Amino acid sequence: GESVGLHLPTLSVQEGDNSIINCAYSNSASDYFIWYKQESGKGPQFIIDIRSNMDKRQGQRVTVLLNKTVKHLSLQIAATQPGDSAVYFCAEFSGLGNEKLTFGTGTRLTIIP
Amino acid sequence: DTEVTQTPKHLVMGMTNKKSLKCEQHMGHRAMYWYKQKAKKPPELMFVYSYEKLSINESVPSRFSPECPNSSLLNLHLHALQPEDSALYLCASSPHLDRVNQPQHFGDGTRLSIL
(Lines give C-alpha, C1' and ligand atoms only; values in the text may rest on other atoms or scores of the structure.)
Protein backbone atom coordinates (compact mmCIF):
# COMPACT_ATOMS: atom_id res chain seq x y z
CA GLY A 1 0.00 0.00 0.00
CA GLU A 2 1.04 3.62 -0.27
CA SER A 3 2.69 5.18 2.73
CA VAL A 4 4.73 8.06 3.96
CA GLY A 5 7.97 7.06 5.59
CA LEU A 6 11.19 8.46 6.93
CA HIS A 7 14.70 7.33 6.17
CA LEU A 8 16.12 7.67 9.70
CA PRO A 9 14.28 7.02 12.95
CA THR A 10 16.77 8.99 15.08
CA LEU A 11 19.08 11.92 14.48
CA SER A 12 21.54 13.59 16.86
CA VAL A 13 22.88 17.03 16.05
CA GLN A 14 25.28 19.33 17.86
CA GLU A 15 23.69 22.52 19.12
CA GLY A 16 24.21 25.31 16.62
CA ASP A 17 24.60 22.96 13.67
CA ASN A 18 22.05 22.55 10.91
CA SER A 19 19.88 19.44 10.75
CA ILE A 20 18.13 17.76 7.86
CA ILE A 21 15.24 15.37 8.32
CA ASN A 22 14.16 13.36 5.31
CA CYS A 23 10.86 11.84 4.28
CA ALA A 24 9.89 9.61 1.35
CA TYR A 25 6.33 9.42 0.12
CA SER A 26 4.87 6.97 -2.33
CA ASN A 27 1.52 8.50 -3.34
CA SER A 28 2.21 10.52 -6.46
CA ALA A 29 -1.27 12.07 -6.16
CA SER A 30 -0.37 13.82 -2.91
CA ASP A 31 -0.59 17.56 -3.40
CA TYR A 32 0.05 19.09 0.00
CA PHE A 33 2.62 18.28 2.66
CA ILE A 34 3.11 19.35 6.25
CA TRP A 35 5.87 19.01 8.81
CA TYR A 36 4.84 18.66 12.43
CA LYS A 37 6.94 18.76 15.59
CA GLN A 38 5.83 16.73 18.59
CA GLU A 39 7.45 17.30 21.95
CA SER A 40 7.09 14.87 24.81
CA GLY A 41 3.62 15.06 26.35
CA LYS A 42 2.29 17.39 23.67
CA GLY A 43 0.31 17.14 20.47
CA PRO A 44 1.80 17.65 17.00
CA GLN A 45 2.66 21.29 16.36
CA PHE A 46 2.50 22.71 12.83
CA ILE A 47 5.92 23.84 11.58
CA ILE A 48 5.67 24.47 7.86
CA ASP A 49 3.76 23.29 4.82
CA ILE A 50 4.32 23.12 1.09
CA ARG A 51 2.09 22.61 -1.92
CA SER A 52 2.98 20.32 -4.79
CA ASN A 53 3.40 23.26 -7.18
CA MET A 54 6.38 24.46 -5.14
CA ASP A 55 9.80 22.91 -4.55
CA LYS A 56 10.99 25.05 -1.66
CA ARG A 57 9.48 27.07 1.14
CA GLN A 58 11.20 28.90 3.97
CA GLY A 59 10.07 29.82 7.43
CA GLN A 60 11.84 31.03 10.53
CA ARG A 61 14.98 28.83 10.74
CA VAL A 62 13.22 26.09 8.78
CA THR A 63 13.14 25.22 5.11
CA VAL A 64 11.11 22.50 3.43
CA LEU A 65 12.23 21.06 0.12
CA LEU A 66 10.01 18.98 -2.13
CA ASN A 67 11.35 16.80 -4.94
CA LYS A 68 8.38 15.37 -6.78
CA THR A 69 10.56 13.47 -9.23
CA VAL A 70 11.82 11.15 -6.52
CA LYS A 71 8.91 11.73 -4.13
CA HIS A 72 11.11 13.11 -1.39
CA LEU A 73 10.51 15.75 1.24
CA SER A 74 13.03 17.24 3.64
CA LEU A 75 13.00 19.61 6.58
CA GLN A 76 16.08 21.69 7.25
CA ILE A 77 16.49 23.35 10.62
CA ALA A 78 19.18 26.00 10.84
CA ALA A 79 21.27 26.71 13.95
CA THR A 80 19.59 24.07 16.05
CA GLN A 81 18.69 24.83 19.65
CA PRO A 82 17.90 22.53 22.58
CA GLY A 83 14.22 23.35 22.12
CA ASP A 84 14.33 21.71 18.71
CA SER A 85 14.63 18.28 20.34
CA ALA A 86 11.41 16.46 19.46
CA VAL A 87 9.89 13.92 17.09
CA TYR A 88 9.30 15.31 13.63
CA PHE A 89 6.57 13.92 11.37
CA CYS A 90 5.99 14.58 7.73
CA ALA A 91 2.39 14.27 6.63
CA GLU A 92 0.64 14.28 3.30
CA PHE A 93 -2.77 15.09 1.99
CA SER A 94 -4.11 13.40 -1.07
CA GLY A 95 -7.47 13.20 -2.71
CA LEU A 96 -10.17 15.74 -3.12
CA GLY A 97 -10.13 17.33 0.28
CA ASN A 98 -7.86 17.71 3.25
CA GLU A 99 -9.70 15.36 5.51
CA LYS A 100 -7.27 12.47 5.27
CA LEU A 101 -3.86 13.31 6.63
CA THR A 102 -1.33 10.46 6.49
CA PHE A 103 1.66 10.71 8.81
CA GLY A 104 5.10 9.29 8.27
CA THR A 105 6.74 7.15 10.91
CA GLY A 106 8.60 10.05 12.56
CA THR A 107 12.21 11.00 13.29
CA ARG A 108 13.44 11.72 16.80
CA LEU A 109 15.81 14.69 16.72
CA THR A 110 18.13 15.11 19.70
CA ILE A 111 20.19 18.27 20.08
CA ILE A 112 23.48 17.71 21.85
CA PRO A 113 24.57 20.69 24.00
CA ASP B 1 -0.20 27.02 24.14
CA THR B 2 -2.44 25.15 21.75
CA GLU B 3 -5.71 26.64 20.51
CA VAL B 4 -7.36 23.24 20.65
CA THR B 5 -8.13 22.29 24.25
CA GLN B 6 -8.61 18.70 25.33
CA THR B 7 -9.87 17.42 28.67
CA PRO B 8 -9.00 15.53 30.70
CA LYS B 9 -5.23 15.38 30.17
CA HIS B 10 -5.06 11.94 31.74
CA LEU B 11 -7.74 9.29 32.22
CA VAL B 12 -7.56 5.88 33.82
CA MET B 13 -10.60 3.65 33.48
CA GLY B 14 -11.66 0.07 33.85
CA MET B 15 -12.97 -2.00 30.99
CA THR B 16 -16.56 -1.70 32.22
CA ASN B 17 -16.54 2.07 32.72
CA LYS B 18 -18.12 4.74 30.56
CA LYS B 19 -16.22 7.97 30.11
CA SER B 20 -15.98 10.82 27.63
CA LEU B 21 -13.13 12.80 26.14
CA LYS B 22 -13.76 16.42 25.29
CA CYS B 23 -12.26 18.78 22.74
CA GLU B 24 -12.92 22.47 22.22
CA GLN B 25 -11.69 25.03 19.71
CA HIS B 26 -12.63 28.68 19.22
CA MET B 27 -10.89 29.34 15.92
CA GLY B 28 -14.12 29.10 13.94
CA HIS B 29 -12.98 25.87 12.34
CA ARG B 30 -15.72 23.70 10.87
CA ALA B 31 -13.77 20.44 10.51
CA MET B 32 -12.75 18.45 13.58
CA TYR B 33 -10.90 15.19 13.94
CA TRP B 34 -10.08 12.42 16.38
CA TYR B 35 -6.76 10.59 16.15
CA LYS B 36 -5.28 7.74 18.15
CA GLN B 37 -1.54 7.64 18.81
CA LYS B 38 0.27 4.68 20.31
CA ALA B 39 3.71 5.11 21.86
CA LYS B 40 6.48 5.79 19.32
CA LYS B 41 3.98 5.69 16.45
CA PRO B 42 2.41 8.39 14.27
CA PRO B 43 -1.17 9.54 14.85
CA GLU B 44 -3.84 7.47 13.11
CA LEU B 45 -7.10 9.00 11.96
CA MET B 46 -10.29 7.76 13.64
CA PHE B 47 -13.11 10.18 12.79
CA VAL B 48 -13.70 13.36 10.82
CA TYR B 49 -16.56 15.80 11.37
CA SER B 50 -17.46 18.46 8.86
CA TYR B 51 -20.05 21.09 9.79
CA GLU B 52 -21.06 18.97 12.80
CA LYS B 53 -21.76 15.92 10.66
CA LEU B 54 -19.72 12.73 10.65
CA SER B 55 -17.76 12.66 7.40
CA ILE B 56 -15.31 9.81 7.92
CA ASN B 57 -15.23 6.81 10.24
CA GLU B 58 -12.02 4.84 9.72
CA SER B 59 -13.65 1.53 10.68
CA VAL B 60 -13.36 2.35 14.36
CA PRO B 61 -14.95 -0.17 16.79
CA SER B 62 -18.34 0.85 18.14
CA ARG B 63 -16.98 1.08 21.68
CA PHE B 64 -15.77 4.51 20.50
CA SER B 65 -18.68 6.86 19.82
CA PRO B 66 -17.99 10.38 18.56
CA GLU B 67 -20.30 13.33 18.96
CA CYS B 68 -20.17 16.91 17.70
CA PRO B 69 -22.78 18.92 19.62
CA ASN B 70 -21.79 22.23 18.00
CA SER B 71 -19.10 23.72 15.81
CA SER B 72 -16.73 24.32 18.74
CA LEU B 73 -17.04 21.03 20.58
CA LEU B 74 -16.14 17.44 19.83
CA ASN B 75 -16.64 14.53 22.21
CA LEU B 76 -15.50 10.94 22.16
CA HIS B 77 -17.61 8.61 24.29
CA LEU B 78 -15.89 5.50 25.54
CA HIS B 79 -17.53 2.28 26.69
CA ALA B 80 -16.23 -1.23 27.34
CA LEU B 81 -12.74 -0.44 26.16
CA GLN B 82 -9.95 -2.99 25.94
CA PRO B 83 -6.39 -2.71 27.29
CA GLU B 84 -5.10 -2.26 23.73
CA ASP B 85 -7.13 0.94 23.52
CA SER B 86 -4.66 2.59 25.88
CA ALA B 87 -3.11 5.42 23.88
CA LEU B 88 -2.91 9.17 23.42
CA TYR B 89 -6.12 10.49 21.85
CA LEU B 90 -5.63 13.64 19.87
CA CYS B 91 -8.20 16.11 18.66
CA ALA B 92 -7.52 18.42 15.72
CA SER B 93 -9.38 21.07 13.75
CA SER B 94 -9.05 22.82 10.41
CA PRO B 95 -11.01 25.62 8.70
CA HIS B 96 -13.26 23.31 6.71
CA LEU B 97 -12.98 20.42 4.29
CA ASP B 98 -13.98 22.50 1.27
CA ARG B 99 -10.78 24.47 1.53
CA VAL B 100 -7.78 22.41 0.58
CA ASN B 101 -4.23 23.02 1.67
CA GLN B 102 -5.06 24.02 5.21
CA PRO B 103 -3.12 22.43 8.08
CA GLN B 104 -4.82 20.70 10.95
CA HIS B 105 -4.17 22.13 14.41
CA PHE B 106 -3.83 19.64 17.23
CA GLY B 107 -4.56 19.66 20.92
CA ASP B 108 -2.17 18.11 23.43
CA GLY B 109 -4.28 14.99 23.76
CA THR B 110 -5.77 12.84 26.47
CA ARG B 111 -3.52 10.07 27.76
CA LEU B 112 -5.89 7.12 28.25
CA SER B 113 -5.03 4.02 30.26
CA ILE B 114 -7.36 1.01 30.40
CA LEU B 115 -6.96 -1.25 33.40
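All of these numbers come straight from a predicted model, not from anything done at the bench. Within every chain, numbering begins at 1; the chains are lettered A, B, ... in the order of the sequence lines, protein sequences first and strands thereafter. All values below were derived from every heavy atom in this structure, side-chain atoms included, with hydrogens, water molecules and symmetry-related copies excluded.
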Taking every heavy-atom pair that is under 4.5 Å apart, which of B/Arg111, B/Gln37, B/Lys41 has the most such pairs with chain A?
-> B/Gln37
From the list B/Gln104, B/Glu3, B/His26, B/His29, side chain to side chain donor-acceptor pair (under 3.5 Å) with B/Ser93 holds only for B/His29
Determine the interplanar angle of the A/Phe46 and A/Tyr36 rings, folded into 0 to 90°, and report it as parallel if under 30°, tilted if 30 to 60°, perpendicular if over 60°.
-> perpendicular
Check whether A/Phe33 gets within reach of chain B through its side chain, its backbone, both or neither, counting any heavy atom under 4.5 Å.
-> neither
Would the number of heavy atoms belonging to other residues, nucleotides or ligands and lying under 6.0 Å from NZ of A/Lys68 be above 12?
-> yes
So, B/Arg30 and B/Glu52, do they make that salt bridge, N to O below 4.0 Å?
-> yes
Which atoms of B/Gln6 approach chain A - backbone, side chain, both or neither, heavy atom under 4.5 Å | neither
Quick one: what part of B/Glu44 sits under 4.5 Å from any heavy atom of chain A, side chain, backbone, both or neither?
-> neither
Would you mind checking which part of A/Gln38 comes under 4.5 Å of any heavy atom in chain B, side chain (CB onward), backbone (N, CA, C, O), both or neither?
-> side chain
May I ask you to decide if the ring planes of B/Phe106 and B/Tyr35 are parallel, tilted or perpendicular, using 30° and 60° as cut-offs?
-> tilted
